[in-house]
Each structure stands twice: as C-alpha cells, then as structure tokens.
Trainee: 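To start, I am sharing the structure in question, which I have written as structure tokens.
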Amino acid sequence: MTFHILTIFPDMFASYLGTGILKRALASGRLGVRIVNLRDFAGKSGVTDDCPYGGGPGMVMKVGPINAALDDIKGGHADAFVILLTPQGVKLSQGLVENLAEKKDIVLICGRYEGMDERVAENFVNAEISIGDYILSGGELPALVVVDAVARLLPGVVGDEDSVREDTLSRGLLKYPQYTRPAVFEGMAVPEILLSGDHRRIARWRSQEALKRTLARRPELLESALLAPEELEELKQIRRKRKGS
Ligand code: SAM
C-alpha cells in the first residue's frame, strides 16, 4: 500500500514517518509514502493559492496544481483512491480505516488557508474525510493520522497482531484497563485477578471490563459492536446490576 500525500509543506512529515512503527513499516516495504510538493505542479511561479471569488477573508488553494499533481500520480496508478482532508468530510472511524487498508494506492490532499477550490471536491475526489469536529491549520496532521491508523492494520506492520485485534474499537468496544509493574504503587493495587495466572478468569474479567467501560463511556458503540453470545449475556447481567444499584 502506498500513500501519495499532496502538500505545500513537504518538510512536515519526515520526523513522524522516521520514527517507530511507521519507520519500520517503510523500511520493510510494507508501507510506501510519497510526499508530493504541490508547488512543483504550480508552474514557474510556484503559486498554489489565490483570493476567493466573491471576496472574503484568506486565500483559497487553486484547482490547477492539484489537478496536475493528480494527473501525474494517476499516470502510474490509475486506480488510486483520492481523499480530500477537510473538516466538512465524513468523520474518520475505525471502520473507515479498515476499509482504506484494503486499497493499494491512496492519495491524501492536504488543504491550507481557507480551504480548497470546490472544483477539486466536485471532480477529482473519491472521498472527503475529517478527523474530527475541530479546525486545524492544515491537512498535514490529518494525513499523518490516516497513514498511521491504516498502517497499523497492514500485515506485519505491528509486531504483535493480537495487540491490533484487541485495540479499542477493533470490535466496536473500548479496550479493558491495562496495568504493569509494580503490583502496588503508593497504596494503589493492581486488580488481584491479573496476578492470579488463571488465564480463563483473566480473559473473562477483561471481557467484562471492556463491556462495562463501553457501556459507561460510549454506550452508542454497543448498538453495532460484534459481540459473541456469551458477551451479550454478560452485557445483560451488567445492565441488570447497574439498574439494581
Ligand atoms: N475554512 C475551512 C472550513 O471552514 O471548512 C477550514 C480550512 S482549514 C483552516 C485548512 C485545511 O486544514 C483544510 O482545507 C483541511 O485540509 C485541513 N483541516 C482542518 N481541520 C481538519 C479536520 N478536522 N479534518 C481534516 N482536515 C482538516
């Protein structure tokens, strides 16, 4: 899987991509990231933005350089899936990330300033994606969010694949609480059961805690979570207890 990131700030990516899991994924060839400088597609002037028609504050990114950069990418990767990062897009979710992880080439277009000439979204884009209901200064952080979340799902990228399977939201549930040494810190003890060595009881405790936590913090997730019959039964009991208390 290769990401092609269109940006006017190509230097922003090196540090994050050069560290940890993403660094290893790139080195192993399991992930590819090409940073495309939009200014290289803006003719001699290198200008990628202009004033908005109709007046108003700020600058708008021009359609021409983006179209030229997309033509260049599509020359070699005709099926590339093109994403515009925008706070007006569909909100990124783990389900959407799983979907994107199936693609071979993904183009991420990073906006800046007041945003992008609307003709980009209307004509050249397969999806508009937002990383949340807040406004950032540019699409570069959202692009890295998408790359990171998708890369974790690619085979072999995260060393221990169980950890990806058990991540929060991987089955629509929040993850159970985690602890590490020491067993008691300033009087605060780790739950006894985790020290018991009884793996069946530990698995049951974790499943119950994941359900309790999801019910308390994100109850709406339970409507679409993929629960096994025993988890559904567990959930019924947790709900009953909560009503009773
Ligand atoms: N004026 C625009 C609006 O009201 O929709 C916001 C422009 S924002 C300052 C500049 C760029 O940052 C956007 O074009 C987009 O690429 C990116 N951006 C900002 N917030 C984002 C978010 N929550 N999700 C995805 N991209 C975002």
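Both ligands and their constituent atoms are indexed starting at 1 by order of listing. Residues take their numbers from the sequence shown, with the count starting at 1.
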Trainee: Give the protein residues with at least one non-hydrogen atom closer than 4.0 Å to an atom of ligand 1, ordered by chain and number.
Mentor: Leu85, Thr86, Pro87, Gln88, Gly111, Arg112, Tyr113, Glu114, Gly115, Ile129, Ser130, Ile131, Gly132, Tyr134, Ile135, Leu136, Ser137, Gly138, Gly139, Pro142
Trainee: Hey, are Glu231 and Arg204 close enough for a salt bridge, meaning a charged N less than 4.0 Å from a carboxylate O?
Mentor: no
Trainee: Judged by atom type as modelled, is there a donor-acceptor pair below 3.5 Å linking the side chain of Thr2 to the main-chain atoms of Asp105?
Mentor: no
Trainee: If we count only N and O atoms by modelled type, under 3.5 Å, do the side chains of Glu166 and Tyr176 hold a donor and an acceptor together?
Mentor: yes
Trainee: Looking at side-chain heavy atoms only, is the closest gap between Val82 and Leu70 below 4.5 Å?
Mentor: yes
Trainee: With salt bridge (charged side-chain N to carboxylate O under 4.0 Å, His left out) as the rule and sequence neighbours excluded, what pairs involving residues 116-141 come up?
Mentor: Lys91-Asp133, Arg112-Glu140, Asp117-Arg119
Trainee: So does Arg165 pair up with Asp162, basic N to acidic O under 4.0 Å?
Mentor: yes
